[in-house]
There are 2 protein chains.
Amino acid sequence: MRSTRPEDATTAARIRDAAVARFGAHGYADTTLREIAADAGVSAALVVHHFGSKEALRQACDDWLVRELMGEKDRLDQPAVAATIREWLDDPGRFRTSIDYLAVMLADDTPGGARLFDLLLDETRAMLERGVADGSMRDSSDPELRAVLITSYGLAPLLLRSQFARVLGTPIDSAAAVRRMTLPTLEFYTHGLYADARLLDAAREALDAASETHAPEPRRADPAPRVRSDKGPGNPVQDPDPPVGDPARD
Amino acid sequence: MRSTRPEDATTAARIRDAAVARFGAHGYADTTLREIAADAGVSAALVVHHFGSKEALRQACDDWLVRELMGEKDRLDQPAVAATIREWLDDPGRFRTSIDYLAVMLADDTPGGARLFDLLLDETRAMLERGVADGSMRDSSDPELRAVLITSYGLAPLLLRSQFARVLGTPIDSAAAVRRMTLPTLEFYTHGLYADARLLDAAREALDAASETHAPEPRRADPAPRVRSDKGPGNPVQDPDPPVGDPARD
DNA sequence: GGAGTCATTGAACGCGCGTTTAGTATCCTG
DNA sequence: CAGGATACTAAACGCGCGTTCAATGACTCC
């Protein structure tokens, strides 16, 4: 029913598939073992028997997704764009489950999400290096950061897929959405947004100027360094955020 | 107490602030009313007394965030959400909490998240129209979709802020990160990625070729998509592709 | 054919959740 | 100062969660 390859239809694989689907659709916290078990046609106890715990099940799903993506890695080479686009349009639904789960992994900031992001980043970086080497892509003043940026740009429509779907009126994994998104995206990647380099030049100047002092941002009417104000010594601290505020927390 | 404006320090406001912080840091599902109550220095029952339920509390937080952003709307003069957000980040302590909560709203696909996305989209669209009108920005074959794309590109670093922090070695709401991100982002927005239009042309061809087979309807009244076509008959429309993070493919 | 392993289950356990309740201070109003 | 609203709490309730447990087959190996 849900398994792509019938030979994968061992019970554990069926449970894992159901878990990926549920986690991808409703998130980890909002999915119960009993739901997953029901989807797979087994008891909740069996899920634990096979995977140990809910968290271990998630890790198994993470591993599966990473392997699944690695398997597709060769497809990432040599962008014969025309062929690739056709292929998407011809292969509907194949990756939808994985994509939903991927988005959940990245959004939940799990260790698996970090692994996955690094994987995609490596791929993107390699692609950019090839492109720069063969002259098909521009060079960058900060190739590593550009790789991170472009990776995140590629992920953005996935992470915001429900907003895209709402605004476009069709799911982003529909042929219609892919078709509509292709050209504007490539236009942007080819010509950029700005008609000239005025802003870029202005930013270069501003950054050069700023790097002479150690002060940030001359741009606004407030030259005073407003560095990291909160949590300062004058803070009475009723405490409402514990270790918050640092994305690398927990 | 922790609130920006001391007159907001009513108990309900303190609870709401604590909720925004917790929800932003750990997500809605993983936050308990008792935690929020403890942060605000009150009992869990009082939270319900003031807001009615956990879900109603979330909605109050959503409303607060939207109003907070609307208040900053005049500042949204700058080009591109990316730049705007960077501007917020120049003022680190002030918006960090809101930004975390914003990311959670969008990721959780709540009604408030839709409202917020539409708000940002409107802002971006207006900015693009102004830019095109005064010649500082290029035109697009599909302005509406481009607005959605650029909005999502601006949000991407926020949604993936933990990955950015990990890879860059510094939180994205640090002056260092902002400084490092500025130039590559503007380079990309100014010159694009590709050195020539080969890929773009190839995609145009591919889409034209695919459009031999009749078309679906654009949902909206605005700019008609120039690409149309539907792939085959009997197609359970949806589609494909994990190779995210790879621009050559979008 | 009995011992041993493994897949599988229904029932139960304990916990922590959101929420309810019943009550107590505190303040406002006339 | 009576009286009612309001702010607030401790305790409890019921539910559903992840997990455990004991039992039942089914299959394998000598």
Side-chain angles (χ1 to χ4, degrees), chain A residues 1-3 6-62 64 101 104-105 108 110-112 238-240 242 250, chain B residues 1-3 6-62 64 101 104 108 110-112:
Chain A
M1 174 188 299
R2 81 196 63 253
S3 181
E7 68 267 24
D8 259 4
T10 120
T11 303
R14 249 172 43 236
I15 294 173
R16 188 246 294 127
D17 289 347
V20 168
R22 281 273 175 187
F23 288 156
H26 308 294
Y28 177 77
D30 283 341
T31 299
T32 73
L33 286 187
R34 284 170 174 85
E35 287 169 353
I36 295 171
D39 286 352
V42 300
S43 69
L46 190 63
V47 176
V48 176
H49 170 73
H50 276 304
F51 292 92
S53 71
K54 188 186 180 184
E55 184 55 37
L57 172 59
R58 167 198 237 157
Q59 261 164 275
C61 292
D62 285 359
W64 170 83
Y101 187 76
V104 165
M105 277 177 75
D108 279 6
T110 181
Q238 176 77 340
D239 145 63
D250 276 9
Chain B
M1 226 155 269
R2 66 177 315 274
S3 178
E7 66 268 26
D8 261 3
T10 118
T11 303
R14 249 172 43 235
I15 293 173
R16 187 246 294 127
D17 288 347
V20 168
R22 281 274 175 187
F23 287 156
H26 308 292
Y28 178 78
D30 283 341
T31 299
T32 73
L33 286 187
R34 284 169 174 84
E35 287 168 354
I36 295 170
D39 287 352
V42 300
S43 70
L46 190 63
V47 177
V48 175
H49 171 74
H50 277 303
F51 293 92
S53 70
K54 187 186 181 184
E55 184 56 36
L57 172 59
R58 167 198 236 157
Q59 262 165 274
C61 292
D62 286 0
W64 170 83
Y101 187 77
V104 165
D108 277 6
T110 182

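Letters A, B, ... are given to chains in the order of the sequence lines, protein chains preceding strands, and every chain is numbered from 1.
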**Item:** Interface with DNA chain C, restricted to residues 49-57 of chain A and to heavy atoms under 4.0 Å
**Value:**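 Within this stretch, His49(A), His50(A) sit under 4.0 Å of the strand.
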**Request:** Shoot me the first and last contacting nucleotide of DNA chain D against chain A, ordered 5' to 3', at under 4.0 angstrom to non-hydrogen atoms.
**Result:**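 Span of nucleotides near chain A: dC17(D) to dC21(D).
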**Asked** Tell me, which pairs form a salt bridge (charged side-chain N to carboxylate O under 4.0 Å, His left out) where one or both residues lie in residues 48-60 of chain A, sequence neighbours left out?
**Response**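 Counting only pairs at least two positions apart or across chains, the salt bridge (charged side-chain N to carboxylate O under 4.0 Å, His left out) contacts touching residues 48-60 of chain A are Glu55(A)-Arg58(A), Arg58(A)-Asp108(A).
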**Message:** Show every ring pair (Phe, Tyr, Trp, His ring centres under 6.0 Å) that has at least one partner inside residues 37-58 of chain B, sequence neighbours left out.
**Reply:** none
**Complete:** Quick note, ring pair (Phe, Tyr, Trp, His ring centres under 6.0 Å) partners involving residues 14-44 of chain A, not counting sequence neighbours, are Phe23(A)-Tyr28(A)
Residues that [X] engages under side-chain contact (heavy atoms from CB on, under 4.5 Å), provided they are two or more places apart:
| X | answer |
| --- | --- |
| Ala56(A) | Ser53(A) |
| Ala44(A) | Arg34(A), Ala37(A) |
| Ala29(B) | Ala29(A), Asp30(A) |

**Item:** Nearest-nucleotide 5' precedence on DNA chain D, Tyr28(A) against Val42(B)
**Value:**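 On the 5' side of the pair lies Val42(B).
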**Prompt:** What is the distance from atom CD1 of Ile36(B) to atom CG of Leu46(B), rounded to the nearest 0.5 Å?
**Reply:**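 These two atoms lie 12.5 Å from each other.
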**Request:** Nearest whole angstrom, please: distance from the P of dG18(C) to the CZ of Arg22(B).
**Result:**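 For the pair Arg22(B) CZ and dG18(C) P, the rounded distance is 12 Å.
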**Fill in**
From the candidates dA12(C), dT20(C), dT8(C), the one with an atom nearest any side-chain atom of Leu46(A) is dT8(C)
**Request:** Name all residues meeting the salt bridge (Lys or Arg N to Asp or Glu O under 4.0 Å) criterion together with Asp62(A); count only those two or more places apart in sequence or in a different chain, and write none if there are none.
**Result:** none
**Prompt:** What does Ser43(B) touch in the nucleic acid at a heavy-atom separation under 4.0 angstrom: a base, only the sugar-phosphate, or nothing?
**Reply:** base
